[in-house]
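Worksheet: the structure to be examined is printed underneath.
Nothing here was measured: the structure is a model prediction, and the numbers come from that model. These values consider heavy atoms only, across backbone and side chains, with no hydrogens, waters or symmetry-generated copies.
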Amino acid sequence: MEPIIAIVLALIGYALGSAKLINQGNEALVERLGRYHRKLGSGLNFIVPLVDQIVMEDTIREQFLDIKPQNVITRDNIYLEVDAVLFWRIRDMVKSFYEIDDLQGSLTQIATTTLREIIAQNTVEQTNVSRAEMDTAILNQLNQTTENWGVEMIRLDIQSITPPESVRKSMEEERAAEIKKRALAFEAEGERDAAIKRADGTKTSMQIISEALRSHPESREILRYLVAQDYVVASQRLGESNNAKIVFLDPSKTNEVYNQLIADSITQDGNGRNSENGNV
C-alpha cells in the first residue's frame, strides 16, 4: 500500500511541478537544459520538471517610458530643456530576451540619444512648430534599431520644450509684433477699400449731376447753392481746427468759380460719353 501512495504523491508532485499558469497579456520563455526550447502563451501550460525552466515572463501589452528632462542644444546654439514620453511594445519575446541585455535601460539610452540628435538638427522656431514631424522622425530612427530587439516603438509625445527666459521673451515679442503687423495690414486694406468706394460714389454723383445739368439747364442755380453750402460747411470745419489755415474766396469771383466747376463737370462727363460712343 505504501508504494502506491508514494507513486501517487510523486505523480501529484510532477503534475504540480509541470503545470505553469501564464496570465493574460503575458508570454514566457522556456529553456531545456540551458538552451531555448519554446514560448508559452497565456493560460495553463506544462513543462518537464528539472529539465525545462522558465527563464523569462513579461507582458506584451503596450508600455511607456518616461524620458526625463534633457538639456539639448539646437542648430542655432540655443539650449532647450525637453521632456517626452515614449510608448512601446514587445513584438518578439525571444529577441527581446536573447538579443539585448537590460532592455529597459537600453531603450532609455537610445531614446534619449535619438531625441537629442533630432532636435539638434532643428532651430528653436522649428522645434516649436514641427513637433509632429520631429516625433515621426524620432520614431522611425528608433524602430530601425529596436526592430532587432523585438520591440516596436508606437508613439512619442514631446510634452514640453522649455527655452531660456531670454529666448522666451524674444519669441513673445516677435509674436506680438507679427500680430500687430497683420492688424495694421487689415486696417490699411479696409481704408483702401473705403477710399475706392468713396471715389466710385463721387464719380457716380458727378455723372448724375452732369446728366441733370444737360437735361435741365435751370438746375445750375441749385448746383450753385449746393456748392456754396459745402463751401460754408468746409470753412466752418477749418475754423474749428486749431492748426487750420482759413483761405477766403473773393466774393466777386464766386460766380466764375461756380460756373467753372459746373462747366468742368459737364465737359468731363461729355468727353467720357463721347469716348464710349466712339468705342462702340
Side-chain angles (χ1 to χ4, degrees), residues 25-27 29 36 55-189:
N26 288 6
E27 289 182 349
L29 300 180
Y36 170 72
V55 294
M56 179 187 181
E57 180 179 349
D58 202 351
T59 181
I60 56 175
R61 292 171 292 181
E62 186 174 325
Q63 305 179 64
F64 76 92
L65 182 65
D66 187 12
I67 302 177
K68 297 180 180 180
Q70 302 291 318
N71 291 323
V72 184
I73 185 169
T74 62
R75 192 176 66 185
D76 48 354
N77 297 322
I78 301 298
Y79 282 93
L80 301 177
E81 188 177 77
V82 182
D83 185 14
V85 176
L86 180 65
F87 295 86
W88 61 282
R89 173 183 297 166
I90 294 178
R91 288 297 186 185
D92 191 329
M93 188 71 69
V94 177
K95 287 184 177 181
S96 69
F97 182 72
Y98 290 104
E99 296 295 333
I100 185 70
D101 187 22
D102 188 7
L103 180 60
Q104 287 275 358
S106 299
L107 290 177
T108 301
Q109 293 298 322
I110 191 173
T112 302
T113 303
T114 305
L115 179 65
R116 289 178 174 176
E117 179 183 348
I118 296 299
I119 292 181
Q121 298 173 5
N122 296 272
T123 63
V124 173
E125 184 177 359
Q126 290 171 339
T127 57
N128 283 282
V129 301
S130 306
R131 291 196 185 185
E133 290 79 359
M134 285 195 304
D135 292 348
T136 302
I138 294 171
L139 281 179
N140 292 337
Q141 189 163 331
L142 286 174
N143 278 315
Q144 292 177 4
T145 301
T146 59
E147 183 180 3
N148 297 327
W149 301 346
V151 174
E152 177 190 8
M153 298 298 182
I154 301 173
R155 186 173 66 259
L156 176 71
D157 293 334
I158 298 179
Q159 295 181 318
S160 63
I161 299 178
T162 308
E165 183 65 23
S166 59
V167 176
R168 286 202 299 270
K169 289 183 179 179
S170 177
M171 295 174 65
E172 290 173 359
E173 292 174 356
E174 184 177 351
R175 284 194 293 267
E178 183 64 25
I179 293 173
K180 184 177 180 181
K181 179 180 177 181
R182 288 198 297 266
L184 292 175
F186 290 147
E187 182 180 357
E189 184 176 357

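Other residues, nucleotides and ligands contribute more than 12 heavy atoms inside 6.0 Å of the CG atom of Asp102. Open room surrounds CD on Gln109; 12 or fewer heavy atoms of other groups in view lie less than 6.0 Å from it.
The shortest distance between side-chain heavy atoms of Leu142 and Ile110 falls below 4.5 Å. Taking 4.5 Å as the limit, every side-chain heavy atom of Thr123 sits out of range of all side-chain heavy atoms of Ile78.
Expressed to the nearest 0.5 Å, how far CE of Met93 lies from CG of Asp58 amounts to 5.0 Å. Leu103 contributes atom CG, which lies 4.5 Å from atom CG of Leu107 (distance to the nearest 0.5 angstrom). With rounding to the nearest 0.5 Å, the separation of CG in Leu156 from CZ in Phe87 is 9.5 Å. How far OG1 of Thr108 is from CD1 of Ile67: 7.5 Å, rounded to the nearest 0.5 Å.
In terms of the salt bridge (charged side-chain N to carboxylate O under 4.0 Å, His left out) criterion, residue partners of Arg89 (sequence neighbours excluded) are, by chain and number, Glu62. Shown here are the ring pair (Phe, Tyr, Trp, His ring centres under 6.0 Å) partners of Tyr98, two or more places apart in sequence or in another chain: Tyr36.
The closest donor-acceptor contact from the side chain of Asn77 to the backbone of Ile73 lies at 3.5 Å or more, if one exists at all. Using a distance-only test at 3.5 Å, with no hydrogens or angles considered, no donor-acceptor pair links the side chain of Asp157 to the main chain of Val85.
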